[in-house]
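Down below is the structure, laid out as structure tokens.
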Amino acid sequence: MVLGTPLSAYGEIAKAIGPALKPRRRRHDVGSVKQAVIRDVLPHIPAGAHFVPGHPVAGTEHSGPASGFADLSTTAGAS
């Protein structure tokens with residue numbers, strides 16, 4: 001799951017979906033800040049469910065939808 005709404009909505013969305021989140025699955029966001037995201041989202045993530053704050057500036061030097069690729073989060077940090 002990727003959370004990609006205005007940052008001001010993150011807390012309410014996390015509160016609403018938190019009870020339905022299954023363990024051992026990753027959730028990401030594409031907000032431009034992290035401390036507010038951690039503050040607003042993490043309290044609503046159940047134990048065993050994973051939330052990885054992300055950033056919209058991830059990937060390659062190319063831009064636009066055609067530059068995306070499905071395994072970005074599985075190849076991140078790979079050498």
Side-chain angles (χ1 to χ4, degrees):
M1 181 203 80
V2 176
L3 189 57
T5 65
L7 292 170
S8 60
Y10 276 23
E12 285 302 312
I13 291 171
K15 183 178 179 181
I17 67 172
L21 297 178
K22 297 185 191 261
R24 298 185 315 268
R25 295 205 171 84
R26 287 181 292 188
R27 285 86 186 172
H28 303 273
D29 82 295
V30 292
S32 59
V33 299
K34 294 300 124 220
Q35 289 302 319
V37 170
I38 291 167
R39 178 196 68 222
D40 296 345
V41 174
L42 285 187
H44 306 291
I45 303 295
H50 304 290
F51 180 73
V52 181
H55 194 278
V57 183
T60 69
E61 70 279 12
H62 304 288
S63 64
S67 300
F69 49 97
D71 62 349
L72 172 63
S73 66
T74 60
T75 60
S79 320

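All figures in this text were calculated on a predicted structure; none of them were measured in a lab.
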Practice problem: Go through the steps to decide whether I17 and M1 satisfy the test side-chain contact (heavy atoms from CB on, under 4.5 Å), and finish with yes or no. | Solution: CA-CA 11 Å; I17 67 172; M1 181 203 80; 3.5 Å; yes
Quiz prompt | From L3 atom CG to D40 atom CG, the distance as rounded to the nearest 0.5 Å | solution = 10.5 Å
Exercise. Take V37 and F51, measure what side-chain contact (heavy atoms from CB on, under 4.5 Å) needs, and give me the verdict at the end.
Key: CA-CA 10 Å; V37 170; F51 180 73; 3.6 Å; yes
Practice problem: Taking all heavy atoms of P53 and all of K34, pick out the closest pair and write down the distance. | Solution: CB-CD, 3.4 Å
Quiz item: How long is the span from the CZ atom in R26 to the NE2 atom in H50, to the nearest 0.5 Å?
Solution: 9.0 Å
Quiz item: Can you tell me if Y10 uses its side chain to pair, donor with acceptor, with the backbone of G31 under 3.5 Å?
Solution: yes
Quiz item: Do R24 and K22 have side-chain heavy atoms sitting under 4.5 Å apart?
Solution: no
Quiz prompt | CG-CG distance between D29 and L7, expressed to the nearest 0.5 angstrom | solution = 7.5 Å
Quiz item: Would you say V30 and L21 are hydrophobically clustered, going by side-chain heavy atoms of ILVMFWY under 4.5 Å?
Solution: no
